[in-house]
Each structure stands twice: as structure tokens, then as C-alpha cells.
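If you're wondering where the values come from, they're calculated on a predicted model, not measured in any experiment.
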Amino acid sequence: MSSTAVPSTTPARPHHVPAAGLAVVAAGLVAGLPPLVGEVGALAAVLVLQLALVLSWVLATGMQGFAASLAVGTAAAVAADLALVLPEDPALGGLLAVLGVGFLAAVLQQMLRTPRDALVDSLAGSAVLLTAVGALAALLLLGRADDGGLAATALVAGVALVVGHLVDQVLPRPQLAPGVPRGLLGVVLAVLAGAATAWAVRDLAELGALRAAAVGAVVAGVVALVAVAGSFLAVGTTADGEAEALSPWAPTVVQVVLPFAACAPVALALVTAL
């Protein structure tokens, strides 16, 4: 994976519109399935996001050892979900063992492959991927404690992503970095939209008006900032052409699912505390 964003010639529409559409789908999946089929729905929604992230991340970052990287990421996703579903009184700390074993497996997988080119980059990619799939599992705890909190979080994250991408589609100013079509205005409006959404659905999470707006702003802020980081990755992989050759959707999926992963533990902590 590359840590440096390369100026991209990709037009803004392929960068923003597909991501905005996929954000609607992801938010609808997480918010809609649990009310229909309960905990099984929450598990199915989270697992879909995790597996989509595993595949798209390995493709977009160009991690070496493709099949083995997919296997490690998928195993970590399943193990993280089981660690929070099977116990009668699950805790987020239960993911520490999953992450520890998963990182050890990733190190062994990368060290045993030959040739060992891009070893450090692939190990870094594995660490981020394992952390992200574990963070997505936090949505299961949020749904177990409060179905309304899970739905509200999904809606806030989805709205923040959609608003940020659509604003940057029209006016990515002031530009945050050369070659990356993201602007400060999009980040600010995404945070405001997330706060407004949380206020509008405050009864779902049983929060007061002010607390709901504050939680929404924090969650949307995390989503907006990580979405910008996802755009850096998407621009870099598009410029390199590797991810586009394998799957043009891989960077788009990362742009959407990675912010969901980042905001999940934050939302869990805030909803639980408040």
C-alpha cells in the first residue's frame, strides 16, 4: 500500500457519486435489518460490511499474498463477531484476543510468503484491516444494548458521508490537499448534517435534544475525517491503476465502510455513557 497521495486525473463524479450511493445502501443495511430480524439481522449487516472491507482493502492497497490476506481478514472478522455474540455478557475488551491472534497470523503469513516484497507496507495494511473489522464488530454491542442507538448511528454516519461527498462533488473548497477532491466545506457541512440527523432521530436512542446533537456531531466528525482519509487512498490507488485494473469498486467500498468502522466504537462509548 502507498502512504503518499498521488495527484489524480480521475474526475470528481466517479469519486463522489458512487460513494454517496453506497453510503445510502450501507446505512440502510445496518439500520434496517435489525428491526426486521433482530440480532441475526445486526450480525448479517455487520458481517457484510466486514467482508466487503476485507476484499476491497486487500485489492485497493495492493497487499501481497492476496489469498492468504483474504483468509486472515475473513477469519478475524468472524472471530470478532463471535467474541461479541456468543458470551452472555460480552465486552469490547473481548476483541483484544482476536486482534492479538489476528496480527500474529498476519505477521506469519507475510513472513512465510516468497518473495517478501513490500513486507512493511503489507504488514501495515494488515494491522489497519484487523483493527477496522474489529471496530465494525462494535456495532453488534451497540445493537445488543440499544437497537435504536444502532439505527441512529447508521443514519448519522450515512447522512454525513452522503452530504460530504455531494458537497465535494459540487464545491470541494477550500481544498484539503492537492489532487484530492475533498474540501473543508464538505467536512463542516457533514458534521452539521450528522448533528441534525441525530437530533431528528433522538427518540430512537432515547437521548435528549442537546445530547443527541452533540453525539451526532462527534460521530459525524469522525466519519467525515476518516472519509477524507479514504479519499486519499482512493486517489492514490486510482493514480497507480492497480486497484482499478482489479476492481474499480474497491476504493469506493473502502471510502464508505472504513468511516463506518471508525465511528462504531466512538458511538458505542457515547451512547453507553449518555
Side-chain angles (χ1 to χ4, degrees), residues 21-56 73-99 102 129-162 194 197-208 211-212 215-216 218-220 222-223 253 256-274:
L22 188 59
V24 173
V25 174
L29 188 69
V30 176
L33 272 185
L36 293 177
V37 288
E39 291 186 6
V40 175
L43 178 59
V46 170
L47 189 58
V48 167
L49 293 185
Q50 287 172 320
L51 296 182
L53 180 60
V54 169
L55 178 58
S56 60
T74 300
V78 173
D81 293 347
L82 292 179
L84 297 183
V85 169
L86 294 181
E88 293 185 5
D89 188 20
L92 200 60
L95 295 177
L96 292 177
V98 175
L99 294 176
L129 177 59
L130 293 173
T131 303
V133 296
L136 280 170
L139 292 173
L140 296 173
L141 280 185
L142 188 59
R144 192 164 181 170
D146 183 4
D147 286 339
L150 177 59
T153 299
L155 292 174
V156 169
V159 168
L161 281 171
V162 170
T197 301
W199 180 86
V201 299
R202 61 190 180 278
D203 292 339
L204 287 177
E206 299 180 352
L207 293 174
R211 287 186 297 172
V215 170
V218 173
V219 171
V222 173
V223 168
V253 174
V256 172
V257 183
L258 196 61
F260 269 88
C263 79
V266 176
L268 175 63
L270 291 174
V271 171
T272 302
L274 298 178

Compare every heavy atom of [Y] with every heavy atom of [X], then report the nearest pair and how far apart it is.
{"X": "A160", "Y": "A220", "answer": "CB-CB, 3.9 Å"}
{"X": "A76", "Y": "V98", "answer": "O-CG1, 3.8 Å"}
{"X": "R211", "Y": "E206", "answer": "NH2-O, 4.5 Å"}
{"X": "G94", "Y": "A83", "answer": "O-CB, 4.1 Å"}
{"X": "R202", "Y": "G208", "answer": "CD-C, 4.3 Å"}
{"X": "L161", "Y": "A23", "answer": "CB-CB, 3.8 Å"}

Check: How many angstroms lie between CG in L139 and CZ in F260, if you round to the nearest 0.5 Å?
Finding: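 Here the rounded value is 8.5 Å.
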Note to self: I need the L141 CG to L84 CG distance, nearest 0.5 Å.
What the structure shows: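 Separation between the atoms: 4.5 Å.
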Next item on the list: Mind checking side chain to side chain contact (heavy atoms under 4.5 Å, CB included) for A198 and listing every partner two or more places apart, or none if nothing turns up?
Entry: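 A198 satisfies side chain to side chain contact (heavy atoms under 4.5 Å, CB included) with V156 once adjacent residues are dropped.
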Donor-acceptor pairs under 3.5 Å, side chain of residues 25-54 to any protein atom, not counting sequence neighbours: which ones?
unit_1, atom_1, unit_2, atom_2, d
Q50, NE2, D81, OD1, 3.0
Q50, NE2, V133, O, 2.8

Side chains of residues 262-270: which donor-acceptor partners sit under 3.5 Å, not counting sequence neighbours?
none

Item checked: V257 and S56, any side-chain heavy atoms less than 4.5 Å apart -> no
